**Student:** 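Here's a structure for you.
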Amino acid sequence: QVQLVESGGGSAQAGGSLRLSCTASLYSASTRCMGWFRQAPGKEREAVAYINIREGNIWYADSVKGRFSISQERAKNTVYLQMDSLKPEDTAMYYCVQDPFWRGHCYTKADEYTYWGQGTQVTVSS
């Protein structure tokens, strides 16, 4: 069982920045994909970004491209989500995810990820 512990959420003004952190208790030999999803009230959960922790491939949702940046510290089993130029529509609960099984590429569907963090709230005011 893998635990994912998130931190760094909070409140920001529009145009501001926040950085989320997620530390995994374990990376197995087959672990490649770590990412972030978000869910706003009344909306479906959506993928925000992922990173292949071994090859470095990165993907962003169109809605955050150019504003958010995902990175990692392998030695700490930690991934980060730097969120700049925040907008009110970025308000959501943000979840860190891990897919412990490598199947050739990382996915953007929620049900492809086995492990989820507890979530951290991000609130952006206008």
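Numbers here are sequence positions counted from 1. Just so you know, these numbers come straight off a predicted model, no measurement behind them.
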**Student:** Is any side-chain heavy atom of Trp36 closer than 4.5 Å to one of Ile70?
**Tutor:**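 In contact.
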**Student:** Run the side-chain contact (heavy atoms from CB on, under 4.5 Å) test on Met34 and Tyr27 for me, step by step, so that the C-alpha distance in whole Å, both residues' side-chain angles and the decisive distance to 0.1 Å come before the verdict.
**Tutor:** CA-CA 10 Å; Met34 292 282 293; Tyr27 283 170; 3.8 Å; yes
**Student:** Is Val2 reachable from Tyr94 through a run of hydrophobic residues whose side-chain heavy atoms are each under 4.5 Å from the next?
**Tutor:** yes
**Student:** Does Thr31 reach the side chain of Gln98, with side-chain heavy atoms less than 4.5 Å apart?
**Tutor:**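 Result yes, sub-4.5 Å side-chain heavy-atom pair found.
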**Student:** Give me each pair satisfying salt bridge (charged side-chain N to carboxylate O under 4.0 Å, His left out) with a member in residues 44-57, each pair once, sequence neighbours excluded.
**Tutor:**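 Checked against salt bridge (charged side-chain N to carboxylate O under 4.0 Å, His left out) - neighbours excluded - the pairs reaching residues 44-57 are Arg38-Glu46.
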**Student:** Of all heavy-atom pairs between Pro100 and Ser28, which one has the smallest distance, and what is that distance?
**Tutor:**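 For Pro100 and Ser28, the tightest heavy-atom pair comes out as O-OG, 3.7 Å.
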**Student:** Can you name the closest pair of heavy atoms from Ala14 and Ser126 and give their distance?
**Tutor:**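 Closest approach of Ala14 to Ser126: CB-CA, 4.2 Å.
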**Student:** Taking atom types as modelled and ignoring hydrogens, do the side chains of Ser17 and Asp84 form a donor-acceptor contact shorter than 3.5 angstrom?
**Tutor:**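 Distance-only check passes for Ser17 and Asp84.
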**Student:** Would you say the side chain of Val48 lies within less than 4.5 Å of the side chain of Tyr60, judging by non-hydrogen atoms?
**Tutor:**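 Heavy-atom side-chain distance check fails, nothing below 4.5 Å.
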**Student:** Is it possible for you to say whether Tyr80 and Phe68 belong to one hydrophobic cluster, with membership spreading through side-chain heavy-atom contacts below 4.5 Å?
**Tutor:** no
**Student:** Can you check whether Phe101 reaches Asp99 side chain to side chain, under 4.5 Å on heavy atoms?
**Tutor:** yes
**Student:** May I ask you to decide whether Asp62 forms a salt bridge with Lys65, counting only side-chain N to carboxylate O separations under 4.0 Å?
**Tutor:** yes
**Student:** Evaluate the side-chain proximity of Leu20 to Met83: yes if any heavy-atom separation is below 4.5 Å, no if none is.
**Tutor:**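 Answer yes - side chains close enough.
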**Student:** If I compare all heavy atoms of Trp102 with all of Cys33, which pair ends up nearest, and what's the gap?
**Tutor:** CZ3-SG, 3.7 Å
**Student:** Work out which heavy atom in Ala49 is nearest to a heavy atom in Leu81; give both atom names and the distance.
**Tutor:** CB-CD1, 4.3 Å
**Student:** Do the side chains of Asn57 and Ile51 get nearer than 4.5 Å, heavy atoms only?
**Tutor:** no
**Student:** Do Tyr95 and Leu4 make a side-chain contact, defined as non-hydrogen atoms from C-beta onward lying under 4.5 Å apart?
**Tutor:** no
**Student:** Could you go through the side-chain contact (heavy atoms from CB on, under 4.5 Å) check for Val79 and Tyr50 one step at a time?
**Tutor:** CA-CA 10 Å; Val79 295; Tyr50 69 63; over 6 Å; no
**Student:** Determine which pairs satisfy side-chain hydrogen bond (donor to acceptor under 3.5 Å, both in side chains) with at least one residue from residues 105-114, sequence neighbours left out, and list them in order.
**Tutor:** Arg103-Glu112
**Student:** Among pairs that include at least one residue of residues 2-12, which meet salt bridge (charged side-chain N to carboxylate O under 4.0 Å, His left out), considering only residues two or more places apart or in two chains?
**Tutor:**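 Found none.
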**Student:** Counting C-beta onward and ignoring hydrogens, is there a side-chain heavy-atom pair between Arg74 and Ile53 closer than 4.5 Å?
**Tutor:** yes
**Student:** From Gln3 CD over to Cys22 SG, what is the distance, rounded to the nearest 0.5 angstrom?
**Tutor:** 11.5 Å
**Student:** Step by step, work out the side-chain contact (heavy atoms from CB on, under 4.5 Å) result for Tyr115 and Cys96.
**Tutor:** CA-CA 8 Å; Tyr115 298 115; Cys96 177; over 6 Å; no
**Student:** Is there a path from Val97 to Trp59 through hydrophobic residues (I, L, V, M, F, W, Y) whose side chains come within less than 4.5 Å of each other?
**Tutor:**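 Yes; Trp59 is reachable from Val97 via cluster members.
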**Student:** Side chains of Thr23 and Thr78: is there a donor and an acceptor less than 3.5 Å apart?
**Tutor:**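 Yes, a side-chain donor-acceptor pair sits under 3.5 Å.
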